[in-house]
Amino acid sequence: MARANDEAAALVQELADLLSITGGDAFKIRAYEKAARAIAGYPDDISALSPNDLKKIPSIGGAIAKKLEDYNQTGTIRQVEELRTQIPAGVRRLTTIPTLGPKKALAVYEELGISSIDELAAAIREGRLRGLKGFGAKTEDNILRGIELMESTGERVLIDAAADLADEIVAALSPLAERCAFAGSLRRMRETIGDVDVLAASRDPRPIMEAFKALPYVSEVIGGGDKKTSVRTTRGLQVDLRVVPPESWGAALQYFTGSQAHNVRTREIAVRAGLKLSEYGLFDAGTNDLIVSETEEQVYDRLGLPWIAPPLREDQGEIEAALDGSLPALVTVDDLKGDLHSHTDLTDGTASLEEMVRAASARGLSYYAITDHAPNLFMQRMTDEKMLAQRERIRALQAEYPGLTLLHGAELNIDPDGEVDWDVGFLSGFDICVASVHSHFTQTPEEMTRRFVRACENPHVHVIGHPMARLIGRRSPVDADWDEVFRCAARTGTAMEIDSFPDRLDLPSDLIRRARRLGVKFAIDTDAHAVGHHRNIRYGVGTAQRGWLTPDDVINTWPLDRLRAFLAKPTP
DNA sequence: GCCGTTTTCGGCCCGACTGTTTTCAGTCG
């Protein structure tokens, strides 16, 4: 995604947030929020658009187009700057605490002058919120729990923020280096990233280091020499750049990709073979002669191992599997033939049916499911009539896409008892149904387990969407006896979703491995709400790889006829 | 502020849940 779109979207979203704190018109605020999503999800660079073209973007009218024009010319939006002088940034940060919205944030700011999360936590502990209208013991409790949840992710960022930054840095430095790539936890596709590691190969590090320090989004140079420079970006993320001689590339990439536990294991193997492995290469321990270092493949090969894909490098059994030749042939983005979960502007998506289908076609998919929300998620205002009308539009649109089979589906809501929207008659009209938990997140594990089991036993539920319903850093996963749920999913032929949204990545990789061992099949979906969300598929696939999945484990790598047979579900 | 097979004004994302109240405000999806 173009950086301008993200920055402009963030400014418009900030405008919405600030207005909600100052008590602006609710409809206006929603209009800004919708516009922010539209900008972020817009496929082309908005900084290249004229005011007239800006207005053609859905949800962007004259007023917001003018603000975007302001952004294109000045790099900011005047009204945002003005509101910032009234509401400190810390107050807006307060609204990111779960259960604390704009009204309560304004109250603690105006009554007690609190404008940071730390101050708020201290004030609660000192009992200074007592007596404040609308704040009771439970509220205090919830705020403290929310702060704790946020702090548990620490300074780490979601994978898409790190990946976008790393891609940009690699693109900027590549012309100056013989090779350039990101390594570290990002290359291993961990779900959150603490700092970004970039590796470059060159005989002349200095120009690369200088270019790196001069990047526009670098706010602070933390330190640096000839081999390594560390900076902090304007968004607070630390980036380490290491430059190595070209002949050390493979060993360096292996070393800086980690994980540390994986590296300990590979170095042990080297030692036992009379070798020494470092970031500079694989050496003879006796003579110190360099043996190999140019590619990762050479390094692993000389250690008697096949190349191990980075997402597996966690010392979670990959060394043993490599030694006995049982490493999985991991699923890749190219293996995917379809996407089974997507939304349009009929519910909370920002793109039309036609735009979403065009994007799916551009991905080279051979089947694509439209799965808008079902009526029990009341805010979406879904009706039988709307769903049936959408089906007609899909059937008509199909004629334009001979190579792409369009499936009509829905994302059903699993209610507290495990029931879903609509009766059997209506459900049987869909090609595919995803079913997800969207409410009652705090049931007991027993209730939650029963709920999922009942959903899996429903012959019209094919995929359990984002099963843990977590939002990384914002909402804890729901609690269930997952082994029990997975056994039921395997028995009933219900797939578990791997939702590719960077703040979901759900199922997470550890549970994917558990589920796979119990015979579960998976669907790697984008859950796209905008054209641009299709790009998130790389994170879902990365998570699947961390879960050791092969194409055979993933139903949307299968040819359509095999998928359809799966969707028929076995009769109990 | 956006939008239009209800077309330049009037509707739009409303109902459930929680925690605070004692009839409802705030938050969330």
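Note: hydrogens, waters and symmetry copies are ignored here, and every other heavy atom, side chains too, is used. Owing to the predicted nature of the structure, the values given are computational and were not obtained by experimental measurement. In the text below, chain A, chain B and the rest are named by the order of the sequence lines, each starting its count at 1.
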*Asks:* Taking the P atom in each of B/dG15 and B/dT20, what is the distance between them to the nearest angstrom?
*Replies:* 25 Å

*Asks:* Does B/dT8 pair with anything, Watson-Crick or G-U wobble, both distances under 3.5 Å, and if so, with which nucleotide?
*Replies:* none

*Asks:* Looking at B/dG1, B/dG19, B/dC17, which one has an atom nearest to any side-chain atom of A/Lys138?
*Replies:* B/dG19

*Asks:* What is the distance, to the nearest angstrom, from the CD1 atom on A/Ile57 to the C1' atom on B/dC2?
*Replies:* 14 Å

*Asks:* Please evaluate residues A/Glu191 and A/Arg470 with respect to the criterion salt bridge (Lys or Arg N to Asp or Glu O under 4.0 Å), reporting the C-alpha separation (whole Å), side-chain torsions for both, the decisive distance (0.1 Å), and the verdict.
*Replies:* CA-CA 13 Å; A/Glu191 57 195 33; A/Arg470 69 167 178 174; 2.9 Å; yes

*Asks:* Check the orientation of A/Phe501 and A/His533. Use parallel for under 30°, tilted for 30 to 60°, and perpendicular for over 60°.
*Replies:* perpendicular

*Asks:* For A/Ala26, which contact category applies under a 4.0 Å heavy-atom criterion: base, sugar-phosphate, or nothing?
*Replies:* nothing

*Asks:* Taking B/dT6 as the reference, what is the distance to B/dG11 when you measure between their C1' atoms (whole Å, please)?
*Replies:* 10 Å

*Asks:* Once you apply a heavy-atom cut-off of 4.0 Å, does A/Asn142 come out as touching a base, just sugar-phosphate, or nothing?
*Replies:* sugar-phosphate

*Asks:* What string of B, S and - do you get for nucleotides 21-29 of chain B 5' to 3' if you count protein non-hydrogen atoms under 4.0 Å?
*Replies:* -----SSSB

*Asks:* What distance, rounded to whole Å, do you find between the two P atoms, one in B/dA16 and one in B/dT21?
*Replies:* 24 Å

*Asks:* Considering only B/dC12, B/dC2, B/dG19, which nucleotide approaches the side chain of A/Thr139 most closely?
*Replies:* B/dG19

*Asks:* Between B/dC2 atom C1' and A/Lys56 atom NZ, what is the distance in whole Å?
*Replies:* 17 Å

*Asks:* Considering only atom C1', compute the distance from B/dC12 to B/dC17 and round it to an integer number of Å.
*Replies:* 23 Å

*Asks:* For A/Gln398, check side-chain hydrogen bond (donor to acceptor under 3.5 Å, both in side chains) against everything at least two apart and list the hits.
*Replies:* none

*Asks:* Which value, in whole Å, describes the distance between the P atoms of nucleotides B/dT18 and B/dT23?
*Replies:* 22 Å

*Asks:* Residues in side-chain hydrogen bond (donor to acceptor under 3.5 Å, both in side chains) with A/Ser509, at least two apart?
*Replies:* none

*Asks:* On the ring face of A/Phe441, is A/Arg475 found with NZ or CZ under 6.0 Å from the centre and within 45° of the axis?
*Replies:* yes

*Asks:* If the P atom of B/dC14 is compared with that of B/dC9, how far apart are they to the nearest Å?
*Replies:* 23 Å

*Asks:* Can you tell me the distance, in whole Å, between the CZ atom of A/Arg130 and the C1' atom of B/dT20?
*Replies:* 15 Å

*Asks:* Expressed as a whole number of angstroms, how long is the span from A/Asp348:CG to B/dC14:P?
*Replies:* 15 Å

*Asks:* Rounded to whole Å, how long is the line connecting atom CZ of A/Arg145 with atom C1' of B/dG19?
*Replies:* 13 Å

*Asks:* Calculate the interatomic distance between A/Glu385 atom CD and B/dT5 atom P; express it in whole Å.
*Replies:* 19 Å

*Asks:* Cation over ring, A/Arg391 on A/Phe430, under 6.0 Å and within 45°?
*Replies:* yes

*Asks:* Quick one: does NZ or CZ of A/Arg30 land under 6.0 Å from the six-membered ring centre of A/Phe27, within 45 degrees of the ring axis?
*Replies:* yes

*Asks:* What integer number of Å spans the C1' atoms of B/dC13 and B/dT27?
*Replies:* 14 Å

*Asks:* Measure from CG on A/Asn413 to P on B/dG15 and round the result to the nearest Å.
*Replies:* 16 Å

*Asks:* How about A/Arg538: does its CZ atom have over 12 heavy atoms from other parts shown lying under 6.0 Å from it?
*Replies:* yes

*Asks:* Could you check how far CD1 of A/Ile29 sits from P of B/dC2, rounded to whole Å?
*Replies:* 14 Å

